[in-house]
Amino acid sequence: MITAQKGTKDIYGEEINKWHFVENAMRKIFEKANYQELRTPIFEATELFARGVGDSTDIVNKEMYTFEQKGRSLTLRPENTAGVVRAYIEHGMHRLSPPVKFYYTGPMFRYERPQAGRQRQFHQLGVEVFGIDAPSADAEVIATAITFLNEIGLKDLELEINSLGCEKCRSNFREKLKAAILPRLDKFCDDCKMRYEKNPLRMLDCKNLECQSYLAEESIQNVIKSEFICTECQEHFEKLKSYLDELNIKYNVNKLLVRGLDYYNRTVFEIKSNSLGSQNAVCGGGRYDSLVETLGGIKTPAVGWAMGMERLMALISDFKVSRLDAYIISQSTKETLKLAQILRQKGYKTEFDMQGKNFSKGFEKALKSGAKYAIILGEDEISQNKITIKNLDTKEQQTITLEELFNKIE
RNA sequence: GCGAGUGUCGCCAAGCGGUUAAGGCCCCGGAUUGUGGUUCCGGUAUUCGUGGGUUCGAUCCCCAUCACUCGCCCCA
């Protein structure tokens, strides 16, 4: 038997209804907030991710599905911000009046060991806003995320925010942090030693307990807690917080929050759930003011986030499924096919007994299908050009013409 | 890349060394060819993830392997 590959899943049955529910909510909320959908290809030049996501990240170093095709190195997208930025640049969208706002959804690919909330092919939904420097864009993007999560009925989520500062204050901070850590460096884990060289900020969210304990030391904490970010960045962050307060959006400032991708600056945030197991981040995002330039465009500020669809699905319990309106019971396949088509054209979700054995079986199937009405199209009805409609909940039934039926409903 | 657990029908499972591998759900057929999910009867695993080994005998013990699940890491 050929089975689905490790870390991939078929989505069907009950599950697909959830996806439709979430996708419908997504369209509704993002369209209302004037985001436009952007669909980018599933594979891109490998270089896009190497430069965009950052070559110090695990994603680029060990998790990409890369293949050679006619001398080109291609990669299945591990995330979609780089692709959206590429499209933004390629189509000269800097000429559009800002903000330029996109949302997207689709499969992403990362070669990792699967576990709860983590697959090799998984789906993200995200938004990106280009061209706005002001913290209003950060607030808008976070507020839209919250609105969407509320729409699909998710509660008990925690929003964490932080500011990484801009390039200037960041490099300042980086040097101070390195200086504070240096005397203890040999105690940290191997990963942290590597991070120390490539991106020391990422040492802050190391999950290793020993590393955490060294980070907790006063000399290092003093640096972490110090307001290293410049006045401008600080103002930016303060404004964002005041907007969130105004919108009544609760948040915790987590100074240890560092997003794993290299492109973030200033605002970073994460939305977590306590009921998800160890992969508990539902949404992650932040500002990336230099990515457009890094990828060859003109310098354009931007902010966005991505959510993990599968993680959302794991949190959704109740949602409405559309019920079958009519189930046709008949032994005349021709008449049944015709009637089914008419009912479907009129907008009724309709199924029929394709085996057409006997009325008993037909009713049994009608009931199991969960339909509201059984429509009986027997010899008697056909000869009178009528139908018998039975409400399967109340058991009332009557024999009428189709015209009478539609008049009654309308 | 590292660590742990689990593999018996489509699903949930019992059996844990001894002749035909329980049971339940689902599905299918019949009792019941113009009216109901109930009930009753019947049907569905030459085989216990795969390959070796131990044994007179292995679903059961051992080894390997594969798959899945969970955790670390990382992230959404």
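Chain letters run A, B, ... following the sequence lines, proteins first, then strands; residues in each count from 1.
In the model, A:E217 has no side-chain atom that pairs as donor or acceptor with a side-chain atom of A:S219 under 3.5 Å. Judged by distance alone, the side chains of A:T388 and A:E381 do bring a donor and an acceptor atom under 3.5 Å apart. Side chains of A:T267 and A:S163: a donor-acceptor N/O pair is absent below 3.5 angstrom, by distance only. The closest side-chain donor-acceptor pair between A:Q115 and A:Q279 falls under 3.5 angstrom.
Within 4.0 Å of A:Q279, counting heavy atoms only, lies at least one base atom of the nucleic acid. A:L392 comes within 4.0 angstrom of a base, heavy atoms only. As judged by a 4.0 angstrom heavy-atom cut-off over every strand, A:K395 is placed among the base-contacting residues. Within 4.0 Å (heavy atoms only), A:E379 reaches at least one base atom of the nucleic acid. Contacts of A:G117 with the nucleic acid, taken as non-hydrogen atoms under 4.0 Å apart, include base atoms. Counting non-hydrogen atoms under 4.0 angstrom, A:I329 reaches nothing in the nucleic acid. Within 4.0 Å of A:G284, counting heavy atoms only, lie sugar-phosphate atoms of the nucleic acid but no base atom.
Paired with A:T350 under the rule side chain to side chain contact (heavy atoms under 4.5 Å, CB included), one option of A:L324, A:L339, A:I328 passes, and it is A:I328.
For B:C48 and B:A22, the P atoms lie 15 Å apart once the distance is rounded to whole Å. Taking atom C1' on both B:U47 and B:G5, the two are 25 Å apart, rounded to the nearest angstrom. For the P atoms, the distance linking B:G1 with B:A58 amounts to 36 Å, nearest Å. Here the separation of B:A45 from B:A13, taken at their C1' atoms, is 14 Å to the nearest Å. Comparing the C1' positions of B:G23 and B:C62 gives a spacing of 31 Å, expressed to the nearest Å. Comparing the P positions of B:C60 and B:U54 gives a spacing of 15 Å, expressed to the nearest Å.
Taking atom CG on A:D380 and atom P on B:U35, their separation rounds to 12 Å, with Å as the unit. Whole-Å rounding puts the A:E310 CD to B:A76 C1' distance at 9 Å. Between A:M313 atom CE and B:A76 atom P there is a gap of 17 Å when expressed in whole angstrom units. For A:E63 and B:C72, the CD to C1' distance is 14 Å, given to the nearest whole Å. Nucleotide B:A76 holds its P atom 12 Å from the CE atom of A:M307, rounded to whole Å. A:Y263 places its OH atom 11 Å from the P atom of B:C75, with the value rounded to the nearest Å. Here B:U33 presents its P atom at 15 Å from CZ of A:F363, a figure rounded to the nearest Å. Atom CG of A:D353 is separated from atom C1' of B:U35 by 13 Å (rounded to the nearest Å).
The base of B:G34 sits within donor-acceptor range of the side chain of A:E381, with an N or O pair under 3.5 Å. Side chain A:R118 to base B:C70: no donor-acceptor pair is found below 3.5 Å. With hydrogens and angles ignored, a donor-acceptor pair closer than 3.5 Å exists between the side chain of A:Q397 and the base of B:U35.
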Protein and nucleotides 3-11 of chain B: nitrogen or oxygen contacts under 3.5 angstrom:
| from | atom 1 | to | atom 2 | distance (Å) |
| --- | --- | --- | --- | --- |
| B:G3 | O6 | A:R113 | NH2 | 3.3 |

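With B:G37, B:C70, B:A76 as the candidates, the nucleotide lying closest to the side chain of A:A116 is B:C70.
Looking at which nucleotide of RNA chain B each of A:G7 and A:R311 is closest to, the 5′-most match is held by A:G7. Nearest-nucleotide positions on RNA chain B for A:T3 and A:Q124 put A:T3 closer to the 5' end.
For B:U44, there is no paired nucleotide, since no Watson-Crick or G-U wobble pair has both relevant distances below 3.5 Å. In a base pair of the Watson-Crick type (N1 to N3 plus N6-O4 or O6-N4) or a G-U wobble (N1-O2 and O6-N3), with each distance short of 3.5 Å, B:A64 is matched with B:U50. B:A13 is unpaired under the criterion used here, namely a Watson-Crick or G-U wobble arrangement in which both key atom distances are under 3.5 Å. Using Watson-Crick or G-U wobble geometry with both donor-acceptor distances under 3.5 Å, B:C70 finds its partner in B:G3.
Cation-pi geometry between A:R120 and A:Y111 is met: under 6.0 angstrom from the ring centre, within 45 degrees of the axis. In this structure, A:K101 fails the cation-pi test against A:F130, since its NZ or CZ atom is not both closer than 6.0 Å to the six-membered ring centre and inside 45 degrees of the ring normal.
Using a 4.0 Å cut-off, no side-chain N or O of A:K361 falls inside it from OP1 or OP2 of B:U33. Close to B:G71, at under 4.0 Å from its OP1 or OP2, lies a side-chain N or O of A:Q115. Residue A:K365 places at least one side-chain N or O closer than 4.0 Å to OP1 or OP2 of B:C28.
A ring-centre distance under 6.0 Å is not found for A:Y103 and A:Y35. Here A:Y196 and A:F188 keep their ring centres 6.0 angstrom or further from each other.
A stacked arrangement is not assigned to A:F359 and the six-membered base ring of B:U35, the conditions of a centre distance below 5.5 Å and an interplanar angle below 30° not being jointly met.
Checking side-chain atoms of A:K272 against main-chain N and O of A:E158 turns up no donor-acceptor pair under 3.5 Å.
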